[in-house]
Amino acid sequence: MKIRIRLGALLIGGSALVVGQMNSIADSTTGAAAASADCATAPGAALGDNSYDTTSATAGLVFGSNAPCGAHTIYKAMYWTFTPATDGLYTFTTCGMATWDTRLAVMSTCSPAGTVLSCNDDACNYQSSTTATLVAGTTYRVAIGGFGTNDGGVGTMNISFGGTGGGGGGGGGTGSPDVIVGSMPDVSKYGSVVQNGVTIMAYAFGTTSCNIGTAQLEWFASPDNRHPFIPMNMYRLKNGRFEQIGMGWGKHGFTALQGTLCGACTASSTGTYLGIGCSDPYSSGLNGSQTGLGTRTEVNASTGYFPGTINGGMPTAPATIGRRVQVNANDLNPALNTGATYFAEGQYIQQQDAVANNDNNNASHRAFTVGALTSGAYTLALTGATLQQKPAIESWSAADSTVLLSYADVTGDGRYIVGCKVTANGNGTWHYEYAIHNLNSDRSGRSFSVPLPTGVTATNIGFKDINYHSGDAYDPTDWTASTSGGAVTWTGGTYATSVNGNALRFATLYNFWFDASSAPTATNGTIGLFKPGAAGAPTSVTVAIKGPIATAIAGDLNGDGHVDGADLGQLLSAWNTPGPGDLNGDGNVTGADLGLLLAAWG
């Protein structure tokens, strides 16, 4: 716990005021000028790395309660000026570039009346990262210092252009680490346990990470939280449906080797960082060790944050299958899954990576085949290459050119990937199949809607999720479906009712499907969000999909532009069933629907 004490600081009108003796600090490095303790004569900072040494500084910079980060003091404050060349969002960070507790702020001027544009204390454990939207040609002040009166020393601050300071970013940040799964080299099996009459098998997959960024990646072992969290999943593609069949807890990283899987490695001298370009192998046996696996419930995949002391209040891992990737034996049984293909997926979640907006390329996957049943579980064999920086759902569209794959980013949060496939049933109806993968959204999904035009009937509505296990408290209740309000909508519980409601959380995929009496057209689906956001934040996000087209003629069940005997035959053959032919949408084909069809005859 941090104890907050203010000494030698003065607050005037809720604004920032510099107090105390200011001493110049000489720069002993080359490159951009080191920070100065005199705000008025501070040197200019540049994009990239900027050095500082606050050891001899004595000034305190005090923020009032109206500052973006609230009331607090930056002790031993030192300064740069920064004049951006381009309008836009800039990221200022000390993450991974200091060994002490930093604080950081961006201001418009040095004066007490100057506006504090952004500030931060602990974005990445005890280091800081903040973003500010700046105007080209305007000179700003950047302040660096410590949390407490004794916090100070040498370090580096990095400035980059175009960051978001949170989830939902792509790869390849400037001056920042970028972790990916470079390889999934092996698999371990652990047998099975019968639960409620169902045989559950357990597995783990090896993951070799690569830092493809331009800064070292923190890799401190628990109880420090500056390390990756590594969840693993299993998927199956069968009869046109891509679905998640297995889920595990996540491995907590503890030390980093300095390999060369992904190219030249500028190695770190310590295992608490993964060097630039370097790789680190975690075998399937290591990733399957129950003591090193942590619950997903503690992880914010958008920010990369989780507590340093893991699994608070969680039960001991159940024998054999606990915390590992669990899968129903029937979902692997070769006799029950003719023609199915399978995929394993690993993902790395880490604070620096998320802060640098590099978190949309963190998942990779690899195909596997299912072999003989031995020692209580089917033997799995990994095949082909690891598909780097691609979540497993991308193999659905790769295997089937009729699949539409779309991406939806929630502002300030994370990404959803939606797959859609439509198939003609041959009886005047079409089957609509959707899979939604939450890559890294912390706000999570609680509903999904597909437009249903007037006169179009939806039947055979279905839903499939994946259950959590090993003590996770999330509600397994299936989402309910409705066809009101001009849409087919699936809805889960609300955050207000229970924070543990069944939501589509990170590194998880849900399935949705229905049949409709209308051919497909391009439209937008809507994903409703589970967790509330900040004031003004969106409550939903739209995504490009295929959905039923509005029928020009009510009763034209086969879509040939006429209501005739063929349509009558379809309606009569579906008498006293949900359809096709339920023209009034009451859920049953009856005389009322026959009347509507005859009224449109011709």
Side-chain angles (χ1 to χ4, degrees), residues 238-243 402-404 418-436 447-465 477-492 510-528 545-602:
K238 177 184 175 183
N239 297 331
R241 177 170 297 157
F242 188 89
E243 57 191 321
T402 67
V403 172
L404 172 67
V418 180
C420 171
K421 176 180 173 63
V422 184
T423 307
N425 292 326
N427 61 355
T429 66
W430 286 260
H431 180 74
Y432 291 81
E433 186 77 34
Y434 306 93
I436 304 180
S447 66
F448 177 55
S449 296
V450 178
L452 188 69
T454 301
V456 177
T457 303
T459 59
N460 187 34
I461 302 173
F463 167 82
K464 180 184 179 295
D465 58 10
T477 302
D478 284 351
W479 292 13
T480 58
S482 68
T483 56
S484 60
V488 182
T489 302
W490 295 263
T491 307
Y510 285 4
N511 295 97
F512 310 84
W513 64 87
F514 62 88
D515 291 344
S517 58
S518 179
T521 189
T523 187
N524 285 326
T526 303
I527 301 171
I545 61 169
K546 294 180 181 179
I549 194 171
T551 54
I553 305 173
D556 180 19
L557 302 184
N558 63 3
D560 66 358
H562 302 279
V563 179
D564 53 23
D567 303 301
L568 176 61
Q570 285 194 34
L571 184 146
L572 294 176
S573 66
W575 199 261
N576 286 329
T577 73
D582 179 22
L583 301 182
N584 64 2
D586 66 359
N588 198 28
V589 178
T590 63
D593 304 299
L594 176 60
L596 290 173
L597 185 144
L598 294 176
W601 195 269

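When reading the values below, keep in mind they use all heavy atoms of this one structure, side chains included, and skip hydrogens, waters and symmetry mates.
You'll find the side chain of Thr402 stays beyond 4.5 Å of the side chain of Val422, heavy atoms only. Side-chain contact check for Asp582 versus Asn588: every heavy-atom pair is 4.5 Å or farther apart. Looking at heavy atoms from C-beta onward, Val450 lies in side-chain contact with Phe514 at the 4.5 angstrom threshold. Contact of the Trp575 side chain with the Leu594 side chain is registered, since non-hydrogen atoms from C-beta on lie closer than 4.5 Å.
Side-chain atoms of Asp564 come within 3.5 Å of backbone atoms of Ala566 as a donor-acceptor pair (strictly under, hydrogens ignored). Without hydrogens or angle criteria, Ser517 side chain to Leu557 main chain gives no donor-acceptor distance under 3.5 Å. At distances below 3.5 Å, not a single donor-acceptor pair connects side-chain atoms of Thr429 with backbone N or O atoms of Asn425. Between the side chain of Asp593 and the main chain of Thr590, a donor-acceptor pair closer than 3.5 Å is present. For the pair Asp556 (side chain) and Asp567 (backbone), a donor-acceptor distance under 3.5 Å is absent.
Across every non-hydrogen atom of Val456 and Ile549, the tightest pair is CG2-O, 3.6 Å. Of all heavy-atom pairs between Tyr434 and Gly547, the closest is OH-CA, 4.0 Å. Pairing each heavy atom of Ala458 with each of Thr483, the nearest pair is CB-CG2, 4.2 Å. Between Ala481 and Ile461, the shortest heavy-atom contact is CB-CG2, 3.5 Å. The two residues Pro453 and Pro451 have their closest heavy-atom pair at CD-O, 3.8 Å. The minimum heavy-atom distance between Pro548 and Ala516, with the atom names listed, is CG-CB, 3.8 Å.
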> What do the steps show when you test Ile545 against Tyr432 for side chain to side chain contact (heavy atoms under 4.5 Å, CB included), and what is the final call?
Replying inline: CA-CA 10 Å; Ile545 61 169; Tyr432 291 81; over 6 Å; no
> Going through the checks in order, is the side chain to side chain contact (heavy atoms under 4.5 Å, CB included) test met by Lys464 and Trp513?
Replying inline: CA-CA 9 Å; Lys464 180 184 179 295; Trp513 64 87; 4.0 Å; yes
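Test Lys546, Arg241, Lys421 against Glu433 for salt bridge (charged side-chain N to carboxylate O under 4.0 Å, His left out) and you get one pass: Arg241.
Around atom NE2 of His431, more than 12 heavy atoms belonging to other residues, nucleotides or ligands sit under 6.0 Å away.
One finds the CD1 atom of Ile436 at 4.5 Å from the CD1 atom of Ile527 (value rounded to the nearest 0.5 Å). Summarising the geometry, atom CG belonging to Asp515 is positioned 4.5 Å from atom OG1 belonging to Thr459; distances are rounded to the nearest 0.5 Å.
The aromatic rings of Trp490 and Phe448 sit parallel to each other, their planes meeting at less than 30°, with 60° as the upper class boundary.
Taking the six-membered ring for Trp and the full ring otherwise, Trp479 and Phe512 have centroids separated by under 6.0 Å.
Side-chain atoms of Ser449 and Thr526 form no donor-acceptor pair, as typed in the model, at a separation below 3.5 Å.
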